[in-house]
Amino acid sequence: MVWGGAVHADEVGLHVVDELVQAQCRSNGVTWFAGVGARTPREVASLARQCGGAEPLIRDAGLGTEFDATNSSLDSDVPFHWDVRPFGLGSGAIDHGVLQAQGGAGLGLRAYWGSWEGTLVPNMVVDIAPENRSLSAAMEDLWLGWEGSVFGAGVGMRDRRFGPGRRGTLVVSDHAMPVPHGQINADWTLPRAFGRLHMEGGVGVLTGERSDVAYPGWLFMDARWLSAARSERAWVPVVEFGATRASLFGGVGRPSPSIGQLLVPTDPHVYDDPEQLEPDQDEIAALDLRLSLPLPATSLDYVEVWWQYGGEDVIARKIVGIPAPALAGVANLAGLEIGASPWTLTAEHARILDDYFRWYTGHRVYHEGFVHEGQVMGHAYGGDAVGWWLQLRRLGDRWGVAGEAEEIRRVGIIAAADQNLFALSDDELRRSVAMQGWLRDSKGTGWWTARISIAKTTGVDFVLGQDCWSGQLTVGR
């Protein structure tokens, strides 16, 4: 994201209430799709109504008219509500011995009328460091959407995120700036005790500057099954199973695959095409599983585990003579979370490294791969990396604090040939610690947030003995 991992205070307020509502859902054993989409104010308000007792968290959290309007928009007898909320952020960092400083301000405009939603959230960023002064603008959310009882649709620019990971997800995440796209979704409650089914898909265009193919198409699909509600039974886990896929295709000067091939890539590879004239696709996909166990009779609220298994490529195989897509170039992500209100402990490990394939980049046509505006569209670690992340936080509707520790090891791949990867002899290793806090102002109308992080990197740019310290301080309102 623009702020390199920091978020402005408007997002922090949404994040705090979202986490509080989700913790309430987990401890109550309420079922919801945790691995679907970006969290918007309307989604959080809707989830709070499902969780039983969680709705007052929104009213008591001091988030002002934005959530009042969002809550009211869910009532069919309220025709129209809107809200405007300004925000600002300042950030200073020292990285590789170079001072970086930024200031920014934005405006969040959200309107709701019936089943319709419209948002406009621009953000202006000014680099004020002596060696790098510039002005840039970003659109964090620009959306027109409709949501019915079963089906929904929307168009614009909005973060998408699929998968149970906390630090990141393998295929589609909100690490990069949002991509212009349109999407449709459906959510069915299945008969009897068979749970719920959610399906979502969309297509967009990568508009950032690229060195391989300009304006390639971007396709994403996600399908999830969620176990039925536990009713009054305790000690029954909530189960969520998901499948996610993303694809790059077409672009300026490139032929597009057929619609059938885009939807079901039974023949995703092109051979004997040295001049790259045939239609081709860059594919990644993943399967994930989440188990959340409420523990009402103990000192803990819940324990949750998750796993995501991804493939850097989709290859064609035959099952009983029928062509079918399969995963190749494996990555794994796994995590554990323990909740004991108001404290939460989270640990997550990701291995996005394969012996034969490179993740996100290196396709024969789309060399830059799944990168938008210079940021990987999947996990924040990027490809050719292994890392772990640990966080201990106190969740509160008036104040909170979180401490983090992280290690990321990146491998310097220099070539891929004959199903082998050739790497530099030295890895780049980054270890960091961070503290973040948030505090409601005295009037309960907004949030102050601050974050400080310190990191040591050894083998910078994969050079033995080239080490450095870096740090960042961010304050927002």
Side-chain angles (χ1 to χ4, degrees), residues 35-37 159-165 167-176 178-179 181 183 200-206 208 210 212-213 216-224 242-251 256-257 261-270 279-289 307-317 324-334 350-372 375-387 411 413 416 419 421:
V36 173
D159 282 330
R160 313 310 305 170
R161 179 186 176 97
F162 302 108
R167 180 66 175 89
T169 60
L170 294 179
V171 177
V172 178
S173 79
D174 54 3
H175 179 243
V179 174
H181 69 279
Q183 64 93 24
E200 188 166 339
V203 62
V205 177
L206 304 191
R210 299 175 66 94
D212 49 6
V213 178
W218 175 58
L219 174 75
F220 66 88
M221 296 180 177
D222 184 80
R224 302 194 164 263
T244 310
R245 173 193 164 219
S247 174
L248 297 180
F249 64 94
S256 293
Q261 185 63 29
L262 280 174
L263 296 178
V264 183
T266 58
D267 188 18
H269 284 283
V270 176
D280 205 350
Q281 299 160 250
D282 189 2
E283 298 276 345
I284 55 175
L287 304 173
D288 62 74
L289 177 67
W307 175 50
Q308 190 172 30
Y309 173 85
E312 183 277 337
D313 200 1
V314 176
I315 61 175
R317 289 182 177 174
L327 301 182
V330 171
N332 282 278
L333 181 151
R351 179 181 176 85
I352 315 173
L353 179 65
D354 186 72
D355 294 334
Y356 302 103
F357 298 91
R358 298 196 65 186
W359 264 81
Y360 305 125
T361 61
H363 187 266
R364 75 178 195 107
V365 174
Y366 305 100
H367 314 302
E368 291 192 25
F370 293 88
V371 175
H372 179 57
Q375 298 288 339
V376 172
M377 301 168 68
H379 201 284
Y381 291 171
D384 311 322
V386 179
V411 179
I413 303 297
Q419 294 188 339
L421 295 181

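Counting all heavy atoms, side chain and backbone alike, Ala331 lies closest to Leu170 at O-CD1, 4.0 Å. Summarising the geometry of Asp384 relative to Leu353, their closest heavy-atom pair is CA-CD1, 3.7 Å, with the distance given to 0.1 Å. Considering every non-hydrogen atom in both Pro257 and Gln281, the closest pair reads CG-CG, 3.5 Å. Shown here for Gly382 and Val376, the closest heavy-atom pair between the two residues is CA-CG2, 4.0 Å. Residue Ala285 comes nearest to Trp359 through the heavy atom pair O-CH2, 4.5 Å, listed as atom of the first residue, atom of the second, then distance. Here the closest non-hydrogen pair linking Asp212 and Gly369 is OD2-N, 4.0 Å.
By the 4.5 Å heavy-atom criterion applied to side chains, Val330 and Tyr309 are counted as neighbours. Put simply, the side chain of Thr361 reaches to within 4.5 Å of the side chain of Val371, judged on heavy atoms. The shortest distance between side-chain heavy atoms of Leu248 and Trp218 falls below 4.5 Å. Within the 4.5 Å cutoff, the side chain of Val365 has heavy atoms near those of the Val213 side chain. For the pair Met221/Glu200, no side-chain contact is recorded, criterion being any heavy-atom separation below 4.5 Å from C-beta on. Contact of the Leu333 side chain with the Ile352 side chain is not registered, since no non-hydrogen atoms from C-beta on lie closer than 4.5 Å. Side-chain atoms of Gln308 and Thr169, non-hydrogen and from C-beta on, do get closer than 4.5 Å to each other. By the 4.5 Å heavy-atom criterion applied to side chains, Arg224 and Asp288 are counted as neighbours.
Ionic pairing of Arg364 and Asp280 is present here: one or more N-O contacts between side-chain nitrogen and carboxylate oxygen are shorter than 4.0 angstrom. A salt bridge does not link Asp159 with Arg161: every distance from a Lys NZ or Arg NE/NH1/NH2 to an Asp or Glu carboxylate oxygen is 4.0 Å or more. A salt bridge links Arg245 and Glu283; the closest N-O separation between the charged side-chain nitrogens and carboxylate oxygens is under 4.0 Å.
Using modelled atom types, no side-chain atom of Arg167 and backbone atom of Tyr381 make a donor-acceptor pair closer than 3.5 Å. His175 contributes no side-chain N or O that, together with a main-chain N or O of Ser173, makes up a donor-acceptor pair within less than 3.5 Å.
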Audit row: Asn332, Trp307, side chain to side chain donor-acceptor pair (under 3.5 Å) steps and yes/no: CA-CA 7 Å; Asn332 282 278; Trp307 175 50; 2.9 Å; yes
Arg160 and Asp174: CA distance, side-chain angles, deciding distance, salt bridge (charged side-chain N to carboxylate O under 4.0 Å, His left out) verdict: CA-CA 6 Å; Arg160 313 310 305 170; Asp174 54 3; over 6 Å; no
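How far CD of Glu368 is from CG of Asp282: 12.0 Å, rounded to the nearest 0.5 Å. Thr244 OG1 to Ile284 CD1: the interatomic distance, rounded to the nearest 0.5 Å, is 9.5 Å. Rounded to the nearest 0.5 angstrom, Phe162 CZ and Asp222 CG are separated by 5.0 Å. Taking OG of Ser256 as the start and CD of Gln261 as the end, the distance is 12.5 Å to the nearest 0.5 Å.
For an aromatic pair to be called close, the ring centres must be under 6.0 Å apart, and Tyr360 with His379 fails this. Ring-centre distance between Tyr366 and Phe249: not below the 6.0 Å cut-off.
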